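Worth saying up front: this structure is predicted, and the values here are computed from it rather than measured.
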Amino acid sequence: MRNDLTEIASSYVNLKRKGRNMVGLCPFHGEKTPSFNIYTENGSFYCFGCGAGGDVITFIMKIENLDYIDAVKFLAQRAGMSMPENTYDDSMANLRTRIYEANRCAARYYFDMLHSPCGADAMNYLHSRALSEKTIRRFGLGYSPAQRYSLCGHLKSKGFTEYEILSANLAFKSKNGSGIYDRFSNRVMFPIIDLRGNVIAFGGRIMTDEKPKYLNTSDTPVFKKSENLFSLNNAKNTGDRTLILCEGYMDVIAVNQAGFQNAVATLGTALTSEQAMLMKRYADEVVICYDADEAGQKATQRAIQILRNAGLLIRVLTVPDGKDPDEFIRNKGENGPAAFGNILENSKNDVEYRFKKLKNQFDLSTSDGKISYLNEAVKVISTLENSIEQDVYVSRLAKETDVSKDAVLLQLKRLNTKKRKDIQKSDFRKLQNRLNGRDDKVNTEHYKKPRITSAEESLIAFLVNNPDKQEKIENLLNTDGIQTEFNKRLYEYFISRIKKSLDPLAKVSADFTGDEVSKIYRIVNSYQKSVSTEDAMREYINIINEESQKISKEDISKASSRELLDYIQTLKDKRK
């Protein structure tokens with residue numbers, strides 16, 4: 001397929017050459033120092049910051065949130081190639097397709113129910129929230145009937161199986177196992193639509209005082225709530241590089257109806273770094289527009305740092321009188337859309353917002369209050385990465401508190417020094433955990449067997465980079481040599497492909513999970529230089545053979561006296 005990873009990644013990431021590789025800021029997590037590497041020799045990537053790795057297909061899968069088949073189609077279309085349908089039998093891809101279809105069918109059903117007699121209360125509720133029919137249609141709002149088998153019955157009549165309906169999280173399985181029943185009942189329904197127009201999930205709001213107020217689709221094969229945003233499919237088409245980040249569905253819809261169509265919201269969870277990176281693709285600036293209550297303000301403080309880490313400019317919109325955006329806009333008196341536009345225009349950046357919040361906490365007319373304010377304000381400045389930005393706010397802080405700039409700078413220097421030490425300690429712990437296998441979520445045996453795991457990974461890397469040595473490796477390696485289950489699966493997989501004269505890495509993206517793919521490319525790209533010689537290959541095989549013959553604690557507890565004596569004698573013979 002005529003798709004070069006460097007060329008494709010360059011449309012998402014600013015890359016610079018470093019030796020044979022290309023490096024840049026990772027598009028999958030927020031970072032200030034480039035740790036995203038493209039290995040031009042084998043057309044793969046690996047990020048040493050977040051651990052994401054793979055080939056060009058994996059890259060498109062992750063950055064466009066596509067499954068394997070759709071990523072291949074995406075690349076084929078980009079290369080001007082036609083891809084024959086049904087050329088790859090993949091049960092998960094087929095299931096994802098059926099989930100999309102079930103969600104679309106459910107969205108149509110909910111919409112029809114809203115406009116039927118049984119949806120009268122739901123329609124009255126939406127009208128009471130000042131939503132027009134045009135807005136209701138634009139967002140595809142609906143109603144889930146109170147009867148707990150209505151949607152399930154409808155979907156079954158359309159040919160969907162219980163397994164497909166459950167996989168879409170549109171239903172629960174009954175406790176006695178006799179059937180399934182609707183997940184959502186007697187709720188106003190909000191379809192969640194991805195960037196390609198697929199209905200991927202739902203949010204449902206109860207119209208009474210029952211709890212929970214909102215019920216959301218759990219993660220499914222087509223939906224991860226931590227990686228999607230409500231109404232981004234609308235906001236991305238406005239041509240505005242600013243996004244308004246709201247707390248919930250109704251706020252987004254109210255802001256949209258008021259004429260601001262660049263509003264989005266998280267999906268029943270706090271803002272995640274993945275969502276911030278997604279916003280970064282479509283915006284340079286984010287205006288946080290959370291509720292004015294205590295919970296909303298705490299969420300604002302948390303969101304500021306996440307958005308900053310993603311490299312986004314931030315403003316904070318404070319709705320007057322403790323109102324939420326929806327309530328403020330619906331008040332046609334002194335408020336309304338025009339007033340909302342005015343406070344949006346005059347919203348301050350995140351640093352000024354945090355300074356204002358601090359001022360409200362302390363009495364600056366007293367010495368103790370001023371000292372406390374200064375100490376907390378300098379902590380805010382220390383979170384800023386840009387030295388010019390720091391200097392601007394140091395000057396402003398010194399002037400407004402009538403304290404010398406040198407004193408503020410000295411305190412800032414102390415905080416920055418402590419911050420650097422904390423980062424170094426954190427980085428060292430992460431490195432230790434990576435080397436000893438504590439953070440290896442794919443090969444869970446790594447931590448218990450660090451020496452043999454390292455040797456196995458090195459040998460696998462050598463095998464992938466030197467497939468012509470396959471026969472020699474098999475002859476030298478004990479038949480039961482590879483000890484950790486994941487590495488054994490990898491070894492057998494690559495041996496099988498090499499024997500069939502196939503590229504060892506060509507189908508990794510299709511045959512392994514996302515985390516496994518990242519792990520594989522970390523192994524291949526981290527070890528390829530250190531195991532480039534046949535002597536190195538033999539050394540790692542010797543380690544594997546030696547370690548595989550060691551008796552485990554469990555075996556020792558079960559062994560007879562004779563067996564233990566024989567084992568001890570074997571160890572002595574090896575040392576001679």
Asker: Salt bridge or not between Arg98 and Glu101? Use side-chain N to carboxylate O under 4.0 Å.
Answerer: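 Salt bridge between Arg98 and Glu101, a charged N being under 4.0 Å from a carboxylate O: yes.
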
Asker: Please examine the side chains of Leu25 and Asn14, heavy atoms only from C-beta on, and report whether any two atoms are closer than 4.5 Å.
Answerer: no

Asker: Determine, for Arg497 against Glu492, whether the closest basic-nitrogen to carboxylate-oxygen distance falls under 4.0 angstrom.
Answerer: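 So Arg497 does not pair with Glu492 through a salt bridge.
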
Asker: Examine the side chains of Thr484 and Thr453 and answer whether a donor and an acceptor come within less than 3.5 Å of each other.
Answerer: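 No, no side-chain donor-acceptor pair sits under 3.5 Å.
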
Asker: Does the distance from a Lys or Arg side-chain N to an Asp or Glu carboxylate O, for Arg78 and Glu7, drop under 4.0 Å?
Answerer: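 Glu7 and Arg78: salt-bridged.
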
Asker: Relative to the ring of Phe59, is the ring of Phe45 parallel (under 30°), tilted (30 to 60°) or perpendicular (over 60°)?
Answerer: perpendicular

Asker: Using a strict threshold of under 4.0 Å (side-chain N to carboxylate O), is an ion pair present between Arg489 and Glu485?
Answerer: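 No, this pair does not count.
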
Asker: Does the pair Lys488/Glu456 count as a salt bridge with the N-to-O cut at 4.0 Å?
Answerer: no

Asker: Is Asp219 paired with Lys224 through a side-chain N to carboxylate O contact shorter than 4.0 Å?
Answerer: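 Answer for the salt bridge query: no.
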
Asker: Measuring from atom CG of Asn386 to atom CZ of Arg308, what distance do you get when rounded to the nearest 0.5 angstrom?
Answerer: 9.0 Å

Asker: Any side-chain heavy-atom pair from Val287 and Leu243 closer than 4.5 angstrom?
Answerer: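 Of all side-chain heavy-atom pairs linking Leu243 with Val287, none is under 4.5 Å.
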
Asker: Any side-chain heavy atom of Cys246 within less than 4.5 Å of one from Val264?
Answerer: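 Counting from C-beta outward, Cys246 and Val264 never come under 4.5 Å.
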
Asker: Between Asp422 and Lys418, is there a salt bridge with N-O shorter than 4.0 Å?
Answerer: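 Looking at Asp422 together with Lys418, the answer is yes, because their closest N to O distance falls below 4.0 Å.
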
Asker: Could you check whether Glu64 pairs with Arg196 (Lys NZ or Arg NE/NH1/NH2 to Asp/Glu carboxylate O, under 4.0 Å)?
Answerer: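 Salt bridge between Glu64 and Arg196, a charged N being under 4.0 Å from a carboxylate O: no.
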
Asker: Within 45 degrees of the axis of the six-membered ring of Phe462 and under 6.0 Å from its centre: does Lys469 put its NZ or CZ there?
Answerer: no

Asker: Applying salt bridge (charged side-chain N to carboxylate O under 4.0 Å, His left out), can you list everything that pairs with Glu539, at least two apart in sequence or on another chain?
Answerer: none

Asker: Measure the shortest side-chain to side-chain distance between Leu267 and Phe223 over non-hydrogen atoms and say whether it is less than 4.5 angstrom.
Answerer: yes

Asker: Would you check if the distance from the ring center of Phe512 to the ring center of Tyr493 is below 6.0 Å?
Answerer: yes

Asker: Tell me, with the steps shown, if Leu232 and Asp194 meet side chain to side chain contact (heavy atoms under 4.5 Å, CB included).
Answerer: CA-CA 8 Å; Leu232 184 60; Asp194 69 12; over 6 Å; no

Asker: We want to know whether Asn169 and Arg183 form a side-chain donor-acceptor pair, criterion being a heavy-atom distance below 3.5 angstrom.
Answerer: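 The criterion, which ignores hydrogens and geometry beyond distance, is satisfied for Arg183 and Asn169.
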
Asker: In chain order, what residues pass the side-chain hydrogen bond (donor to acceptor under 3.5 Å, both in side chains) check against Arg451, with sequence neighbours excluded?
Answerer: Glu547

Asker: Just by distance, with hydrogens left out, do Thr242 and Glu285 show a side-chain donor and acceptor under 3.5 Å apart?
Answerer: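 Side-chain D/A pair, Thr242 to Glu285: present.
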
Asker: Nearest 0.5 angstrom please: Leu312 CG to Arg241 CZ, how far?
Answerer: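 The CG atom of Leu312 sits 9.0 Å away from the CZ atom of Arg241.
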
Asker: Show your reasoning for whether side chain to side chain contact (heavy atoms under 4.5 Å, CB included) applies to Val524 and Tyr46.
Answerer: CA-CA 10 Å; Val524 172; Tyr46 185 75; over 6 Å; no

Asker: Do the rings of Phe190 and Tyr249 sit parallel, tilted or perpendicular, given the 30° and 60° boundaries?
Answerer: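 It falls in the parallel class, under 30°.
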
Asker: Would you say the side chains of Asn42 and Ser44 form a donor-acceptor pair under 3.5 Å?
Answerer: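 Result is yes, a qualifying pair exists.
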
Asker: So, taking the atom named CD1 in Ile99 and the one named CD1 in Ile165, what distance separates them when rounded to the nearest 0.5 Å?
Answerer: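 Ile99 atom CD1 to Ile165 atom CD1 measures 11.5 Å (nearest 0.5 Å).
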
Asker: Please enumerate all residues that pass side-chain hydrogen bond (donor to acceptor under 3.5 Å, both in side chains) together with Asn234, with sequence neighbours excluded.
Answerer: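 Counting only residues at least two positions away or on another chain, Asn234 forms a side-chain hydrogen bond (donor to acceptor under 3.5 Å, both in side chains) with Ser231.
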
Asker: Is the side chain of Glu474 donor-acceptor paired with the backbone N or O of Glu471 at a distance under 3.5 Å, no angle test?
Answerer: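 It does not hold such a pair.
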
Asker: I'd like to know if Asp440 and Lys519 make a salt bridge, using a cut-off of under 4.0 Å between side-chain N and carboxylate O.
Answerer: yes

